[in-house]
Amino acid sequence: AACRVLSAQLEEIARWIAAREKEGVAFAVLGDFNLEANGRDGLLAALGPAGGPPAGELLEPTARYASPCWGGEPFVDRIVLGGPARAWVVPGSLHVLVYRETERAERARLSSHCPVALRLDPEGKGDPGSAGGDGTP
């Protein structure tokens with residue numbers, strides 16, 4: 001059921017992205033897509049068919065990194081940047097705020113997601129290829 005809902009949402013997001021690309025403005029799409037950001041899940045490709053940019057023209061700084069939240073699984077919380085925003089990423093700025101609580105009982109009362117942060121520099125001094133710096137957020 002979640003995949004059907006996501007599929008319908010991706011069509012609308014792809015149309016929105018296409019409109020932003022046509023305008024030539026910077027944009028970001030953020031959210032929990034319930035798909036692991038492993039570089040093979042097809043999210044970026046799915047955002048292109050409605051006239052949006054090809055997957056290579058979108059940047060996903062969380063792709064191929066493991067989140068340190070709750071054991072190091074691939075991100076499902078995604079950050080997708082397009083237009084001029086692709087060049088705004090500050091190298092090494094991808095960061096996850098993890099919980100101090102580690103016990104199973106504590107985990108049950110907390111979110112299954114940890115906050116994800118990424119610094120952007122609108123002056124364009126970032127390097128789109130190195131959001132994680134040394135390979136870890």
Side-chain angles (χ1 to χ4, degrees):
C3 289
R4 285 191 301 275
V5 170
L6 178 59
S7 179
Q9 291 171 337
L10 288 179
E11 291 174 19
E12 184 59 35
I13 294 169
R15 282 192 289 276
W16 184 86
I17 286 173
R20 303 299 72 77
E21 282 285 320
K22 188 174 182 178
E23 294 170 356
V25 298
F27 62 89
V29 178
L30 314 162
D32 172 2
F33 287 87
N34 274 332
L35 288 170
E36 293 180 350
N38 59 21
R40 299 181 311 269
D41 61 29
L43 175 69
L44 295 184
L47 295 176
E57 294 182 27
L58 294 174
L59 176 67
E60 186 179 4
T62 52
R64 296 181 184 86
Y65 288 114
S67 171
C69 186
W70 304 125
E73 297 177 0
F75 281 98
V76 294
D77 300 303
R78 313 289 277 270
I79 300 171
V80 177
L81 303 172
R86 291 176 295 143
W88 295 356
V89 176
V90 174
S93 69
L94 181 62
H95 184 72
V96 179
L97 304 171
V98 296
Y99 300 112
R100 285 185 298 218
E101 295 83 359
T102 58
E103 300 297 321
R104 185 170 292 282
E106 294 170 328
R107 184 175 175 175
R109 68 180 177 79
L110 297 169
S111 172
S112 62
H113 301 267
C114 293
V116 179
L118 179 69
R119 233 173 341 147
L120 302 176
D121 176 9
E123 299 298 317
K125 297 176 186 171
D127 175 5
S130 64
D134 64 356
T136 58

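Atoms considered below: every heavy atom in the structure, side chains included; atoms not considered: hydrogens, waters and symmetry mates.
The minimum heavy-atom distance between Leu81 and Ala28, with the atom names listed, is CD2-CB, 3.6 Å. Nearest approach of Gly83 to Glu21, heavy atoms of both residues: N-OE2, 3.2 Å. The minimum heavy-atom distance linking Ala26 with Ala85 is given by the pair CB-N, 3.5 Å.
Side-chain contact check for Leu120 versus Val90: every heavy-atom pair is 4.5 Å or farther apart.
Under the side-chain contact (heavy atoms from CB on, under 4.5 Å) criterion, Glu23 pairs with Arg20, Val25, sequence neighbours left out. With sequence neighbours excluded, the residues that form a side-chain contact (heavy atoms from CB on, under 4.5 Å) with Pro115 are Leu97.
In this structure, CD1 in Ile17 is found 16.0 Å from NZ in Lys22, a value given to the nearest 0.5 Å. Remark: Trp88 CH2 to Glu123 CD distance equals 9.5 Å, nearest 0.5 Å. Here the CD atom belonging to Glu57 is positioned 6.0 Å from the CZ atom belonging to Arg86, to the nearest 0.5 angstrom.
Under the side-chain contact (heavy atoms from CB on, under 4.5 Å) test applied with Ile79, the options Val29, Val89, Leu30 reduce to a single match, Leu30. When the options Leu118, Val96, Leu94, Asp77 are evaluated for a side-chain contact (heavy atoms from CB on, under 4.5 Å) with Thr62, the one that passes is Leu94.
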